[in-house]
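By convention in this document, chain letters (A, B, ...) are assigned in the order of the sequence lines, proteins followed by strands, and residues within each chain are numbered from 1. All values below were derived from every heavy atom in this structure, side-chain atoms included, with hydrogens, water molecules and symmetry-related copies excluded.
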Protein chains: 2
Amino acid sequence: MVAPSLRARVRAGMIEEIKAVARRHLATDGADLSLRAVARDLGMASSAIYRYFPSRDDLLTALILEAYDALGAAVETADAAADHDDLRGRWLAASRAARAWALAHPAEYALLYGSPVPGYAAPDDTVAPAQRPPMTLLGILRDGMAAGRLTPPDEELPEPLRGDLNELSALTGVPLPPALMVRAMAGWTQLFGLISFELFGRINRALPHRDEYFDHQIALTADLVGLP
Amino acid sequence: MVAPSLRARVRAGMIEEIKAVARRHLATDGADLSLRAVARDLGMASSAIYRYFPSRDDLLTALILEAYDALGAAVETADAAADHDDLRGRWLAASRAARAWALAHPAEYALLYGSPVPGYAAPDDTVAPAQRPPMTLLGILRDGMAAGRLTPPDEELPEPLRGDLNELSALTGVPLPPALMVRAMAGWTQLFGLISFELFGRINRALPHRDEYFDHQIALTADLVGLP
DNA sequence: TCAAAACAGAGAGCACTGCTCTTGACTTCC
DNA sequence: GGAAGTCAAGAGCAGTGCTCTCTGTTTTGA
């Protein structure tokens with residue numbers, strides 16, 4: 001293992017600097033990131049950016065990856081910080097962490113969960129980081145099942161749906177009964193919907209107490225998945 | 001009342017034609033609508049478009065308004081077509097209609113419920129049409145309360161939230177108990193989340209039976225609001 | 001009836017975008 | 001010390017929204 005050369009280290013620093021400036025632009029100017037504006041801020045020619053990122057989409061992908069990881073880390077940290085046996089507390093903490101991260105980084109959240117950029121297709125590397133938040137929620141339910149403190153609902157699901165959900169269980173590596181799995185998905189969908197509504201300004205102006213509103217809605221999802 | 005002049009009629013037709021072409025472009029090329037491309041398709045100079053729409057944003061606003069109205073009409077029609085006394089059936093029908101419209105018009109749905117366009121601020125005219133779908137859902141619950149066939153959950157809500165929800169009731173003109181109101185909002189949020197996840201490709205590939213999945217999730221929201 | 005006003009469209013031009021290619025300077029390595 | 005690799009700049013291409021000016025045409029009203 002050879003120590004990275006000076007040039008390699010300078011290059012790595014440059015990449016970080018570009019991403020930092022790009023993130024700042026994302027926060028102020030929205031998703032339509034301008035390479036030239038980033039280059040201007042860095043005091044370099046726009047063409048020089050291409051030494052570090054093959055295209056604007058690649059820069060966007062890098063930012064998306066970092067955002068997914070930041071959100072995933074925030075959710076996982078909140079989950080880990082809560083009392084491991086307090087399932088409901090973990091569920092609420094993880095959800096609140098997701099919302100807090102989104103409110104602190106609205107542009108990056110929009111990049112992850114807003115309407116897809118027209119010409120842009122997210123590469124496969126983004127799949128794993130993207131699943132960290134929902135996987136955290138699933139993990140809480142897994143722990144609950146393992147501890148015997150979570151009784152799944154005994155609903156009968158139509159066959160094709162049950163098969164899909166079993167497959168999804170296998171795919172995620174978290175074996176949950178279909179009826180519980182579908183409710184976990186409902187909770188994740190609701191969490192995403194709540195944050196998006198609040199962030200994209202679609203929440204009614206008549207709801208100034210947003211923290212309380214969010215907490216109550218999240219409590220409903222905890223009820224839905226059967227957390228005591 | 002004078003009959004509109006020939007020129008006025010030609011002008012109205014031209015406006016419709018521009019919107020139609022723009023809608024087509026929206027569907028194929030995504031939300032970053034290009035005025036020049038629309039003009040090219042119409043065989044006219046890009047500057048000529050400005051005779052009909054003061055700016056690109058105004059054209060976008062016109063499309064957004066039409067989309068809201070189309071979605072609202074679809075939801076209301078489905079609700080009206082269902083048996084008026086079958087509250088649950090109406091709830092499911094309205095939800096399915098929203099999803100069907102979104103799947104048929106993905107670009108327009110993204111325009112309405114995706115991440116907000118950076119420089120664009122929706123004018124106030126869009127507020128009323130935007131509330132038609134959720135108002136339809138509220139109407140179903142109102143009818144249920146009036147018919148005495150819907151018993152609201154007796155939950156105790158923290159005071160600031162209860163106040164907000166009462167205000168929201170007054171604002172919408174649909175008087176619902178806060179505990180029911182918050183669940184109605186939950187259902188609407190969930191509907192939006194489900195459609196967005198499916199449309200924006202964030203739904204897991206392991207769920208090929210999307211109709212069944214959606215139906216089941218919607219049934220859960222119907223349970224949540226207490227529809228028998 | 002006929003001139004004035006309103007309107008429609010075209011074209012040029014401005015400042016901006018992502019991106020490519022070439023050219024020159026600099027650093028690292030053999 | 002020369003060759004190879006790297007970095008940055010600059011010019012240029014095709015595209016964008018938008019403004020302004022100029023030319024026709026249509027409508028209007030005295």
Query - Set of residues satisfying ring pair (Phe, Tyr, Trp, His ring centres under 6.0 Å) with respect to A:F197, sequence neighbours excluded - result: B:W188, B:F192
**Report entry** Under-4.0 Å side-chain N/O to phosphate OP1/OP2 contact, B:R11 with C:dC7
**Finding:** no
Query raised in the report: What pairs with A:R96 under side chain to side chain donor-acceptor pair (under 3.5 Å), at least two apart in sequence or on another chain?
Result: A:D215
Query - Any residue meeting salt bridge (charged side-chain N to carboxylate O under 4.0 Å, His left out) with B:R24, in chain and number order, not counting sequence neighbours - result: B:D41
Query raised in the report: Is B:F53 touching bases, backbone alone, or none of the nucleic acid, heavy atoms closer than 4.0 Å?
Result: nothing
Query - With sequence neighbours excluded, residues passing side-chain contact (heavy atoms from CB on, under 4.5 Å) with B:E16 - result: B:K19, B:E66
Report task. Taking side-chain contact (heavy atoms from CB on, under 4.5 Å) as the test, write out the residues that go with A:T77, two or more places apart. Result -> none
Report task. Residues of residues 14-28 of chain A with any non-hydrogen atom less than 4.0 angstrom from an atom of DNA chain C: list those, numerically ordered, please. Result -> none
Query raised in the report: How would nucleotides 11-26 of chain C be written as a contact map, 5' to 3', with B for base contact, S for sugar-phosphate-only contact and - for no contact, using protein heavy atoms under 4.0 Å?
Result: B-B---BBBB------
**Report entry** Along DNA chain D, first and last positions that approach a heavy atom of chain B under 4.0 Å
**Finding:** D:dT16 to D:dT27
Query raised in the report: What pairs with B:R40 under side-chain contact (heavy atoms from CB on, under 4.5 Å), at least two apart in sequence or on another chain?
Result: B:R36, B:A37
Query raised in the report: So which pairs with a foot in residues 42-54 of chain A pass salt bridge (charged side-chain N to carboxylate O under 4.0 Å, His left out), sequence neighbours left out?
Result: none
Query - With B:H216 via ring pair (Phe, Tyr, Trp, His ring centres under 6.0 Å) - residues at least two apart - result: none
Query raised in the report: Residues two or more places apart in sequence or in another chain: which of them pass ring pair (Phe, Tyr, Trp, His ring centres under 6.0 Å) with A:H25?
Result: none
Query raised in the report: Under 4.0 Å between a Lys/Arg side-chain N and an Asp/Glu carboxylate O for B:D211 and B:R99?
Result: yes
